[in-house]
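All remarks here apply to the structure that follows.
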Amino acid sequence: MSAAGKVFRYGDNIDTDVIIPARYLNTSDHKELASHCMEDIDRDFVKEVKAGDIIVGGRNFGCGSSREHAPIAIKASGISCVIASTFARIFYRNSINIGLPILECDEASKEIKAGDMVSVDLSTGTILDETTGKKYQAEPFPPFMQALIKAGGLAEYIKENY
Amino acid sequence: MTMTEKILAHAAGEREVHPGQLIMADLDMVLGNDITSPVAIREFPKFGKEHVFDRDKVALVPDHFTPNKDIKAAEQCLQVRQFARCECISNYFEVGEVGIEHALLPEKGLVTAGDVVIGADSHTCTYGALGAFSTGVGSTDMAAGMAIGKAWFKVPSAIRFNLAGKLGPMVSGKDVILHIIGMIGVDGALYKAMEFSGPGVENLTMDDRFTISNMAIEAGAKCGIFPVDGRTLAYLRESGAKEPKIFEADADAEYERTIDIDLASIPPTVAYPHLPENTHPAKEGKDIAIDQVVIGSCTNGRISDLRAAAEILSGRHVHEGVRCIIIPATQKIWKQAMHEGLFDIFIDAGCVVSTPTCGPCLGGHMGILAKGERCVSTTNRNFVGRMGHPGSEVYLASPYTAAASAVTGRITDPEDFI
């Protein structure tokens, strides 16, 4: 599994209210949610994002509410991977459960710049900033989560095992 | 082992667990609301189970956009209602019975000490006040929980908060948790358990503890848990909860760090926009004029919160141009406040009293902010756009501070009213 695209860069503590404001939570339609993704901090995101693009955040990405609508909106907007220094725990679980690839890598989170072209090998966690030529290695997922991802998400994993 | 580790070990059928270990734990309650349940209900068939694992261990609480704020919200509530009927869910609460989930479940005796609870709502960590392990998850986890009655957890390491002393007058649990978040930051307890202990615990009311546990997530924590004492047991008896399972941290339990907190030293505290860690003593806010005050939510909509607000508002009036919205968290609290005469005080003071709803806390309805408006709120988050326009501002505070600020029209230390 791999991903490649242009980087949208955001800071620390990007919360679920800016990823998808609660005023749009009266729907769970993926496309509708995606059409408002990040709008309270970046009105241009929705206009500019293309399939495959990558979000790079800082610390505690996805903090706040448990709304699964947040990773759903990001995934449905075309983002192929989110790289951050750390993720808030519910966002982390939700992303794995719905199949939005996420990688924790402090160095990449600090160094990769907005607009850089980045490619990611999701099976190894290798991140390549094609603009600067620098390579990064993300934290590997524990085996249990790898099994979850491999099964295609939580529903498939549970159907197979319970 | 820590208290959290002991509860998780018991629920996973293990003698011992260690931080970092991945476990499958049995669940005592699976919770969802009108925003998160529709997504879970849509996912549920994918788990290959015909029905929910136990109709008494699922709680569906449509509290966010209710009474239905618009057609789309009404349709989401309809989906939840239909699923609840179809699955004969015992703990479904219609408007008229419904209250804010994290005030409602403890009040109805649906959580007891030692339980393991997941909820598709980040403030599910509230039940740590009862000595339960409870944590927020997403809708897919909720669907899995409804299907098999289990959830996976990475056993968290823990930070111990050693509480000593007594809170000063006009200082409450909200000031304690804001003070702690200001100290450790919004990711200060990321992936970890916050365990509260020490001689100061007995001086905290159950409502103080609910507020403190409720905002553990605002420090990134997986749970915020209190030891079980006489106050907990009295609360559980009164609510008709199941027999408590009491777990205590071992004397040699390992914590990542211990933080000593002197409750007497905590001033009325306010978190400025746009992060709960951005805390200041309330007395520094004199120059900040406000447009609205909200007193309510899963954090501060309980009876002692309303009494605190009434103590300040009694015989006074909200400042000209300030809107003060008061939201009792449940029907029981509403009735109690009415019988105690608190509504007379609120209405005479120029406040409006709403039916139970999460409404304004997350910018849903019942008190949305316009561009440039400022609100002092007893809710839990002050992110950009949280209560309305992205150009509005939310200042988080206790009911005492919020009520005092409503009277003066500026952020005000309630100690000025003593």
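Small disclaimer: the values here were computed from a predicted structure and weren't measured. Below, each value reflects all heavy atoms present in this structure, side chains not excepted, and no hydrogens, waters or symmetry copies. Throughout, a chain's letter reflects where its sequence line sits, starting with A, and its residues are numbered from 1.
You'll find the side chain of B/K192 stays beyond 4.5 Å of the side chain of A/R89, heavy atoms only. Side chains of A/Y24 and B/K72 form no contact here, defined as non-hydrogen atoms less than 4.5 Å apart. At a threshold of 4.5 Å between non-hydrogen side-chain atoms, the residues A/L148 and B/W152 count as touching. Side-chain contact between A/F87 and B/L190: absent, with no pair of heavy atoms (C-beta onward) separated by less than 4.5 Å. Here the side chains of B/D187 and A/C63 are not in contact, with every heavy-atom distance at 4.5 Å or above. Annotation: side chain of A/N26 is in contact with side chain of B/F65 (closest heavy-atom distance under 4.5 Å).
For B/F47, the parts lying near chain A are the backbone and the side chain together; criterion is any non-hydrogen pair under 4.5 Å. Contact of B/I148 with chain A is made through the side chain alone, with heavy-atom distances under 4.5 Å. A/P142 touches chain B through its side chain: at least one heavy atom from C-beta onward sits under 4.5 Å away, while N, CA, C and O do not. B/D70 touches chain A through its side chain: at least one heavy atom from C-beta onward sits under 4.5 Å away, while N, CA, C and O do not. Looking at B/A143, neither its backbone nor its side chain comes within 4.5 Å of chain A, counting heavy atoms on both sides. In this structure, chain B has a heavy atom under 4.5 Å from the side chain of A/E32, while its backbone stays farther away. Interface residue B/M24: only side-chain heavy atoms are found under 4.5 Å from chain A. For a residue to count as touching a neighbouring chain, one of its non-hydrogen atoms must lie under 4.5 Å from one of that chain's; by this rule B/I217 touches chain A with the side chain only. Within the 4.5 angstrom heavy-atom criterion, no atom of B/I368 approaches chain A.
The NZ atom of B/K150 sits 12.0 Å away from atom CG of A/N161, with the distance rounded to the nearest 0.5 Å. Taking OG of A/S28 as the start and CD of B/Q79 as the end, the distance is 6.0 Å to the nearest 0.5 Å.
Counting heavy atoms of neighbouring residues, nucleotides and ligands inside a 6.0 Å radius, atom CD of B/E50 does not exceed 12 of them.
Chain A forms the most heavy-atom pairs under 4.5 Å with one residue out of B/V137, B/V39, B/L22, and that residue is B/V137. With chain A as the partner, the residue from B/V186, B/N380, B/D34, B/T36 showing the most heavy-atom pairs under 4.5 Å is B/V186. Chain A forms the most heavy-atom pairs under 4.5 Å with one residue out of B/E43, B/K46, B/K49, and that residue is B/K46. Note on A/Y92, A/Y162, A/Y157, A/F91: by heavy-atom pairs under 4.5 Å with chain B, the leading option is A/Y162.
With hydrogens and angles disregarded, a donor-acceptor distance shorter than 3.5 Å links the side chain of B/R381 to the backbone of A/G64. At least one donor-acceptor pair closer than 3.5 Å links the side chain of A/N94 to the backbone N or O of B/G138. At least one donor-acceptor pair under 3.5 Å links the side chain of B/Q76 to the backbone N or O of A/L25. A distance-only check finds no donor-acceptor pair linking the side chain of A/R67 to the backbone of B/S122 [under 3.5 Å].
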After noting the C-alpha distance and the side-chain angles of A/H69 and B/I35, does the key distance pass the side-chain contact (heavy atoms from CB on, under 4.5 Å) rule?
CA-CA 9 Å; A/H69 312 65; B/I35 286 174; 3.7 Å; yes
One pair to check against side chain to side chain donor-acceptor pair (under 3.5 Å): A/E68 and B/T140. What are the steps and the verdict?
CA-CA 8 Å; A/E68 209 159 284; B/T140 302; 2.4 Å; yes
Test side-chain contact (heavy atoms from CB on, under 4.5 Å) applied to A/S65 and B/L362, step by step:
CA-CA 9 Å; A/S65 141; B/L362 74 164; over 6 Å; no
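Test B/R386, B/M387, B/H274 against A/D17 for side-chain contact (heavy atoms from CB on, under 4.5 Å) and you get one pass: B/R386.
Minimum heavy-atom separation, B/P390 to A/R23: CD-NH2, 4.4 Å.
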